[in-house]
Engineer: 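Sharing a structure below in structure tokens format, with a few things to ask.
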There are 4 protein chains.
Amino acid sequence: MSISERKNRDKEIIKEKIVNTATELFSLYGYEHVSMRKIAEKIEYSPTTIYNYFKNKNELLFVLLKHGYKLFYHSLDTARKDNEKENFDRKLKEVFRAYIEFGLANKDYYKLMFMMNIDSDDSLMGCENEKAKAFSILMSLAGEGNKHHYFINSNEMLVSQIIWGQLHGITSLLISYQNFSWIPNEVLIGNYMESILIGLKK
Amino acid sequence: MSISERKNRDKEIIKEKIVNTATELFSLYGYEHVSMRKIAEKIEYSPTTIYNYFKNKNELLFVLLKHGYKLFYHSLDTARKDNEKENFDRKLKEVFRAYIEFGLANKDYYKLMFMMNIDSDDSLMGCENEKAKAFSILMSLAGEGNKHHYFINSNEMLVSQIIWGQLHGITSLLISYQNFSWIPNEVLIGNYMESILIGLKK
Amino acid sequence: MSISERKNRDKEIIKEKIVNTATELFSLYGYEHVSMRKIAEKIEYSPTTIYNYFKNKNELLFVLLKHGYKLFYHSLDTARKDNEKENFDRKLKEVFRAYIEFGLANKDYYKLMFMMNIDSDDSLMGCENEKAKAFSILMSLAGEGNKHHYFINSNEMLVSQIIWGQLHGITSLLISYQNFSWIPNEVLIGNYMESILIGLKK
Amino acid sequence: MSISERKNRDKEIIKEKIVNTATELFSLYGYEHVSMRKIAEKIEYSPTTIYNYFKNKNELLFVLLKHGYKLFYHSLDTARKDNEKENFDRKLKEVFRAYIEFGLANKDYYKLMFMMNIDSDDSLMGCENEKAKAFSILMSLAGEGNKHHYFINSNEMLVSQIIWGQLHGITSLLISYQNFSWIPNEVLIGNYMESILIGLKK
DNA sequence: TATGAATGAGTTTTCATTCAT
DNA sequence: AATGAATGAAAACTCATTCAT
């Protein structure tokens with residue numbers, strides 16, 4: 001590994017450290033309540049240092065969101081691929097589960113990505129592609145279902161929007177209202193997914 | 001109307017003006033991004049004046065949320081009562097529609113109440129009752145359905161949580177992503193509700 | 001009593017109420033920490049009302065100080081007169097005691113009058129006369145002592161300044177440091193006065 | 001001097017500048033009347049800068065008082081040590097003089113330390129040790145005097161409290177009432193101290 | 001590359017005070 | 001005489017950000 005390569009790697013490591021810390025803090029206390037100073041303190045660098053890696057707080061958020069969308073896409077994509085050979089019913093279910101579980105396992109990211117409405121800021125438009133890619137998985141599943149005449153409704157767009165709505169609903173509520181007296185997760189989520197499928201299937 | 005009555009009314013009018021403006025701005029830019037000064041400017045009073053009506057920014061939020069929850073409860077309750085005599089299917093659907101339409105007609109409130117996770121602050125616990133009351137409508141509908149053996153699932157809590165999740169899903173997405181290429185509202189919402197019902201019915 | 005007399009009396013009563021409350025609060029929390037609103041609340045009037053009786057906060061302080069100086073003068077004067085016939089030694093001691101006891105019994109006033117250096121404000125110069133009158137008692141005692149060749153030092157001004165310094169010393173410390181581990185008051189004050197007298201007597 | 005040493009020194013210089021200015025202003029106008037902004041203006045920095053050196057206004061006061069108590073202790077201690085070999089009479093007098101002269105030479109500090117009753121705030125308890133140390137000098141002198149059977153009174157605590165009261169009396173009055181028609185300082189202070197000594201000596 | 005120093009703009013909030021009634 | 005409504009001025013403090021080194 002050349003010196004410049006090493007340097008690049010070091011740089012990436014620090015960048016990642018910053019992004020991870022920021023993600024954690026943003027989601028824990030909310031974007032507004034986390035100051036650059038607090039991020040810096042946590043990683044034991046000076047606040048100024050962060051500016052050597054990110055133009056400003058907004059860019060940090062941008063990078064972080066992009067990363068989040070990538071992870072999210074990857075989760076759904078993996079679920080789909082891992083069940084490529086299974087029957088469609090099963091595949092669908094596993095992708096649904098992947099969606100919800102991503103949210104619960106990455107509350108930080110899910111909040112920032114889908115619940116805080118943060119990227120309506122003009123400055124963050126760049127993330128849209130990544131987001132679209134993730135949504136496209138749901139779209140393609142709807143398309144695939146249609147080929148099998150699986151859904152009651154043959155409009156792919158409509159089906160995928162319904163699915164998204166339903167998946168987002170339970171995921172975001174479970175994240176927001178952690179102290180609510182929810183039915184145990186496994187039971188709730190299992191039944192919820194079942195309900196979605198029945199509601200859509202022919 | 002006596003003088004003191006008129007005065008009281010004037011006071012209420014200003015209070016309402018403040019609450020409305022705050023609601024709008026909070027929902028538009030987020031609670032943290034809206035300063036007392038900005039609210040004051042919009043209503044063309046001095047910042048100090050707001051403090052003559054509300055102890056502090058937090059209390060303003062508190063009052064506002066309480067108001068929102070009341071409106072919300074009222075919307076659902078009206079829908080239920082107006083369809084008391086209808087068959088259960090119809091009644092359910094109308095309450096669902098009332099939920100979603102409340103959100104779309106009162107985006108500001110819906111955001112503040114259900115999407116910004118703002119009232120996890122201890123200081124706002126007083127609102128919880130109003131919120132619980134609203135949720136209890138869904139609960140009682142689930143109970144009513146059970147009496148008729150309407151739902152596939154006889155656990156009222158489970159049913160109402162599934163319903164809430166699904167209603168919240170589409171409502172919050174439509175609010176958050178207004179620029180997304182949604183299927184026309186009437187079509188989308190109609191099909192969405194249909195899908196929910198099928199998914200739950202025996 | 002005529003109507004206008006009654007009105008005047010009422011007015012005086014309220015004025016006094018304000019002054020008393022202000023005195024108490026000023027001394028308790030410090031002039032700066034007491035807002036007009038707090039005074040008003042305590043007497044259960046609106047803040048505006050105070051302005052019907054006093055031009056502003058400063059004038060309130062002014063009146064209050066004037067009142068304090070009067071009380072103070074009266075205390076010393078009474079002690080002197082009550083002991084007119086006693087031997088000079090005794091008379092002196094009783095006036096000393098009156099000084100210290102006034103301070104301890106009226107910590108509020110004593111602080112405002114002699115410890116907060118408040119009336120160096122130009123606006124309060126009017127009080128000076130009252131203060132001077134009080135000090136003149138010490139002066140005249142020094143003069144009286146000299147006639148009897150009582151003091152080691154025949155300069156009246158010098159003697160009275162020494163006395164004032166000594167009396168003020170213990171009084172202000174006892175007020176300021178109430179939690180200090182003082183010798184019991186009676187013992188301390190008795191010995192203190194003894195010490196002063198011995199130090200001055202021929 | 002290394003670079004880091006120089007930096008440290010620079011930092012200390014600014015800190016000192018802030019402390020000095022604050023001391024002057026606090027004593028001149030009172031702690032409450034001096035805003036961070038005013039201090040900043042005087043040293044020609046931005047208000048924010050002060051917060052880079054002191055956590056908040058209270059800490060600034062705290063540091064300042066601690067410094068004052070140290071100076072005060074040092075003054076008395078020096079006077080005592082410088083006169084270790086002298087007879088007790090002389091030593092006592094010189095320490096008395098040191099007390100009074102410290103007050104007159106450091107009016108700002110003396111006011112803040114002993115006249116403004118500022119450190120009864122819980123937040124400032126840390127200063128108490130320094131204050132106690134200063135008072136302990138008077139105590140030890142009283143003890144020393146007792147060994148020689150110097151004082152009329154053998155209770156050390158009592159003697160030291162009397163002394164403190166008397167020293168504080170003249171010091172604080174001279175500071176507070178600078179426009180009063182005092183006997184010339186040297187005369188007044190000389191006689192005052194003489195009077196104290198006579199009053200205490202056997 | 002990393003950072004100490006500095007700051008302008010902004011925050012919530014409090015207060016003395018005025019004015020019309 | 002009493003007061004509700006309104007405000008300008010100021011307070012302490014925080015933050016994202018820049019700059020020079």
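Note: hydrogens, waters and symmetry copies are ignored here, and every other heavy atom, side chains too, is used. Reminder, nothing fancy here: chain letters follow the sequence lines and each chain counts from 1.
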Engineer: Rounded to the nearest angstrom, tell me the gap between atom NZ in B:Lys15 and atom C1' in F:dG4.
Structural biologist: 14 Å
Engineer: Is a side-chain N or O of D:Thr49 found less than 3.5 angstrom from the main chain of D:Tyr45, in a donor-acceptor match?
Structural biologist: no
Engineer: Do the side-chain N or O atoms of D:Tyr53 get closer than 4.0 angstrom to the phosphate oxygens (OP1, OP2) of E:dA6?
Structural biologist: yes
Engineer: Tell me whether the NZ or CZ atom of D:Lys15 lies within the 45° cone about the ring axis of D:Phe54 and under 6.0 Å from its centre.
Structural biologist: yes
Engineer: Between D:Lys111 and D:Ser27, is there a donor-acceptor pair closer than 3.5 Å when you use the side chain of the first and the backbone of the second?
Structural biologist: yes
Engineer: Going through the checks in order, is the side-chain contact (heavy atoms from CB on, under 4.5 Å) test met by D:Met36 and D:Tyr51?
Structural biologist: CA-CA 9 Å; D:Met36 295 302 251; D:Tyr51 287 92; 3.5 Å; yes
Engineer: If I take atom OH in residue B:Tyr29 and atom P in nucleotide E:dG10, what distance separates them, rounded to the nearest angstrom?
Structural biologist: 15 Å
Engineer: Please pick, from E:dA5, E:dT7, F:dA5, the nucleotide with the shortest atom-to-atom distance to any side-chain atom of D:Thr49.
Structural biologist: E:dT7
Engineer: May I have the step-by-step check of side-chain contact (heavy atoms from CB on, under 4.5 Å) for D:Glu24 and D:Lys42, ending in yes or no?
Structural biologist: CA-CA 11 Å; D:Glu24 188 193 334; D:Lys42 186 128 194 193; 3.2 Å; yes
Engineer: Taking only residues two or more places apart in sequence, or in another chain, which ones meet A:Tyr109 in a ring-ring contact (aromatic ring centres under 6.0 Å, His included)?
Structural biologist: A:His67
Engineer: Please convert DNA chain F into dot-bracket. A pair counts if it is Watson-Crick or G-U wobble with both distances under 3.5 Å; crossing pairs go in [ ] and bases paired with another strand get |.
Structural biologist: .||||||||||||||||||||
Engineer: B:Asn52 has a side chain; which of F:dA6, E:dT1, E:dG4 sits nearest to it?
Structural biologist: F:dA6
Engineer: Might you list the N or O atoms of the protein lying below 3.5 Å from N or O atoms in nucleotides 16-18 of chain E, with each pair's distance?
Structural biologist:
{"residue": "E:dA16", "atom": "OP1", "partner": "C:Val34", "partner atom": "O", "Å": "3.4"}
{"residue": "E:dA16", "atom": "OP1", "partner": "C:Lys57", "partner atom": "NZ", "Å": "2.9"}
{"residue": "E:dA16", "atom": "OP2", "partner": "C:Met36", "partner atom": "N", "Å": "2.8"}
{"residue": "E:dT17", "atom": "OP2", "partner": "C:Tyr51", "partner atom": "OH", "Å": "3.2"}
{"residue": "E:dT17", "atom": "OP2", "partner": "C:Lys57", "partner atom": "N", "Å": "2.9"}

Engineer: Is there a side-chain contact between B:Tyr53 and B:Lys11, using heavy atoms and a 4.5 Å cut-off?
Structural biologist: yes
Engineer: When the distance from OH of B:Tyr45 to C1' of F:dT7 is rounded to whole Å, what number comes out?
Structural biologist: 12 Å
Engineer: Between A:Ile50 and C:Lys38, who's closer to the 5' end of DNA chain E by nearest nucleotide?
Structural biologist: A:Ile50
Engineer: Which part of the nucleic acid, if any, lies within reach of A:Phe54 when heavy atoms closer than 4.0 Å are counted: base, sugar-phosphate only, or nothing?
Structural biologist: nothing
Engineer: Please assess C:Leu28 against C:Asp108 for the test side-chain contact (heavy atoms from CB on, under 4.5 Å), listing each intermediate value before the final yes or no.
Structural biologist: CA-CA 7 Å; C:Leu28 211 48; C:Asp108 306 357; 5.9 Å; no
Engineer: Please confirm whether C:Lys57 makes a cation-pi placement over C:Tyr31, using NZ or CZ under 6.0 Å from the six-membered ring centre and within 45° of the ring normal.
Structural biologist: yes
Engineer: Rounding to an integer number of Å, can you tell me how far C:Lys17 NZ sits from F:dA1 P?
Structural biologist: 16 Å
